[in-house]
Amino acid sequence: MAEASYTAPLATRGLGERLVDALLSGRGIWPAVPAIIVLTVVAVIPFVILLSLGFSDMEVSRGAIVSQTFSLQHLTNALTDPLYWTTFQRSMTLALTTTALCIFFGYPVAYLFLIGGRWTRRLILVLTIAPLLTSGIVRTYAWLVILGGRGVVNSTLMSLGLIDQPLRIMNTHWAVLIGMVQIHLPVMILPLIAVMSRHDGRLVEASANLGASRLGTLRTVILPLSVPGIGTGAALVFTLSYTTFVVPQLLGGGNYLNAATMIYEQVVYSLEWSKGSVSSMILMVTCLIVLVAIALVTNHFTRWTKGRDA
Amino acid sequence: MMQGPTGPATSVATTSPVLRIGGVGKRFGTFTVLDDCSLDVAEGEIVTLLGPSGCGKTTLLRCIAGFWDADSGSITIDGQDMARVPVNRRPVGVVFQSYALFPHLTVARNVGYALRMQGVPRAEAARRVAAALETVSLTGFEDRYPAQLSGGQQQRVAIARVLVMEPRVLLLDEPFNALDAKLRGTMQVELRQLIKSLGLTSIFVTHDQEEALTMSDRIAVMRAGRIEQAAPPDEIFDRPATAYVADFIGSSNFWPSLVADGRVSLPDGQSVATGLRGAVRVMARPHNLQIAPPAAGPWQGRVAFQRSVGPLVEYHVETEGGDAMVKVVAMRRAQDRGFADGTAVSLRIVDPALCAVYPA
């Protein structure tokens, strides 16, 4: 690509040409410059502005910020407000439960992929990837149809005579949990499959040859080797569920308050940007703490990958 | 074809065999991978399944191990039919082609895996692991991970991992493939001596004839799902039962000929007795031919190509008829290179009795 430009004699090459050269094939930091610029504009600057909103007192007059002074007031307010604690606790519980359930339901699917034949594998891949091709909102609405008062679940149970009145599933904690698990399941299954299919199938045979039962092989060979996949999947599912907005908003019927819906209300309805900023900050920091914990646990169980070059 | 080389006659067993493969067949769809394979392996014997890729040797190995089920026939170990014995209960240890060591377990835990699965008490397991590691000279490597070992060391771990469970039959699936050529030769001798000292009944799968000749008490040459001949290495080499075996093992010269009065005439005027009739093919090994300066005789030729192979010189001689290129191997002489390219020579068969005759 860039080699062609080297053919121009040095003297005749302009500044612009040399800059392009450096960006395309230069040494050191140069090739990263475009990405750094884009990220600075779309991520770093907005983030700093967000931070400044949360940690300052503002005087606003006619829609413009008149003065801004540093303050920890919003943070202390948030940390002493029981509403914050219950909301974040609810988000955290929901996300952790979702992650655990995704591992619980996703692992058998990935295991089936590992031991299955060609058609089993294809079917699993199609069923896993197909939902990802539709928007999360669409999939969430599908649950409205299934779980609603006259939805599939209730009408089936009623026609079987198991219940007399429709169960109230919609707009409850359970509807949110069911929706979250289903929507995030593929994100758990895919990394699991990726990690599992990377390992030599002979390991499973070797294990059987050495006297292990199927369960023994699963416990002592397949499970330990799939830890990186569990870690990746858990990190993805946790991040997505902890910060999710659509699912609780739709399946919770507008009165299920989690971190994201709370921030939405603070920013969009009550226009308390400072509060929203502090909430976002808390959301991000707590999320990072859990991600670091997941990484540490994953690391602990994959120590064997470290000594490779020793 | 020809006399059944796999029958009891060729078995060296004096007592009943440890492993008995009786008429095993296996198909994948319409493709026959194994066709009526029979083989008895005696206590402490090392038998090699030798053949080109796709001949079914690995399939037979996998059927013995229990990874696949045979469609027909039976496999018995110590008189017990293996058909209903699941893979993890068979008294069989497999050393895989790429070793299949558990990457997440240390050497000690890899070797102790079988004992852990059997629920052997820790103290006893530790003792047996240490003993197995000592057998393969890997004491001191207990806490390494497989990725931290060389290819040769990995192979020894794979062997120790199987030895520790004291299998009745040891199966080795091309265990030298992952090693470089130089190491291979040493490891072959070492492994044979180790297996022999432990008295393990073994089946060894390879496509490399040199490996087979080094490792085996008996070689079973396979072709398209069938065992063509099972015999000791010398017999396979000197008296190959079929033209295919002769061609596959070592190098060989073939001539078409006709049987007259129970004898086949050889190109140099000598003749050899045969029980066959009609059109036949005669085979002579290159080292059974003698190359000499032109002299009176029916078999004359011209050196077309020559090369030194260590202490030997291999000549390719274009014979008078011009229809065949004859390979001759002679000891290299110190002073000169024998016969230069283009030199006229005469050929003679040293021992006509060592020529083999096959149906055309």
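In the text below, chain A, chain B and the rest are named by the order of the sequence lines, each starting its count at 1. A quick note: this is a predicted structure, and the numbers were derived from the prediction, not measured. Reckoned from all heavy atoms, side chains included, excluding hydrogens, waters and symmetry mates.
Around CD1 of I29(A), the count of heavy atoms belonging to other residues, nucleotides or ligands within 6.0 Å does not exceed 12. Remark: R128(B) CZ is packed, more than 12 non-hydrogen atoms of other residues, nucleotides or ligands lying under 6.0 Å away. Heavy atoms of other residues, nucleotides or ligands lying less than 6.0 angstrom from CZ of R89(B) number 12 at most. The number of heavy atoms from other shown groups lying within 6.0 Å of CZ (F28(B)) is above 12. Enclosure of atom CZ in R109(B) is not indicated, since only 12 or fewer non-hydrogen atoms of other residues, nucleotides or ligands lie within 6.0 angstrom. For CD1 of I137(A), the number of neighbouring non-hydrogen atoms (other residues, nucleotides, ligands) closer than 6.0 Å is 12 at most.
If you tally non-hydrogen atom pairs under 4.5 Å between each of G93(B), A65(B), P146(B) and chain A, the highest count goes to G93(B). Top candidate by heavy-atom pairs under 4.5 Å with chain A, chosen from G66(B), A100(B), S98(B), is A100(B).
For residues 90-117 of chain A, heavy-atom neighbours of chain B at less than 4.5 Å comprise no residues at all. Proximity to chain B among residues 204-212 of chain A is limited to E205(A), A206(A), S207(A), A208(A), N209(A), L210(A), G211(A), A212(A), judged by heavy-atom separations below 4.5 angstrom. Using a 4.5 Å cut-off between non-hydrogen atoms, the part of residues 113-122 of chain B that approaches chain A consists of Y113(B), A114(B), R116(B), M117(B).
Residues L203(A) and P103(B) share a closest heavy-atom pair of CD1-CD, 3.8 Å.
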Acceptor/donor pairs from residues 233-244 of chain A side chains to any protein atom, 3.5 angstrom cut, sequence neighbours excluded:
unit_1  : atom_1 : unit_2  : atom_2 : d
T239(A) : OG1    : A235(A) : O      : 2.6
S241(A) : OG     : V237(A) : O      : 2.4
Y242(A) : OH     : T286(A) : OG1    : 2.7
T243(A) : OG1    : T239(A) : O      : 2.7

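When heavy atoms are compared at a cutoff of 4.5 Å, R161(B) approaches chain A by way of both its backbone and its side chain. In this structure, chain A has a heavy atom under 4.5 Å from the side chain of F67(B), while its backbone stays farther away.
The distance from the CG atom of L105(B) to the CG atom of L225(A) is 8.0 Å, given to the nearest 0.5 Å.
For H104(B) (side chain) and T220(A) (main-chain N/O), a donor-acceptor pair under 3.5 Å exists by modelled atom type.
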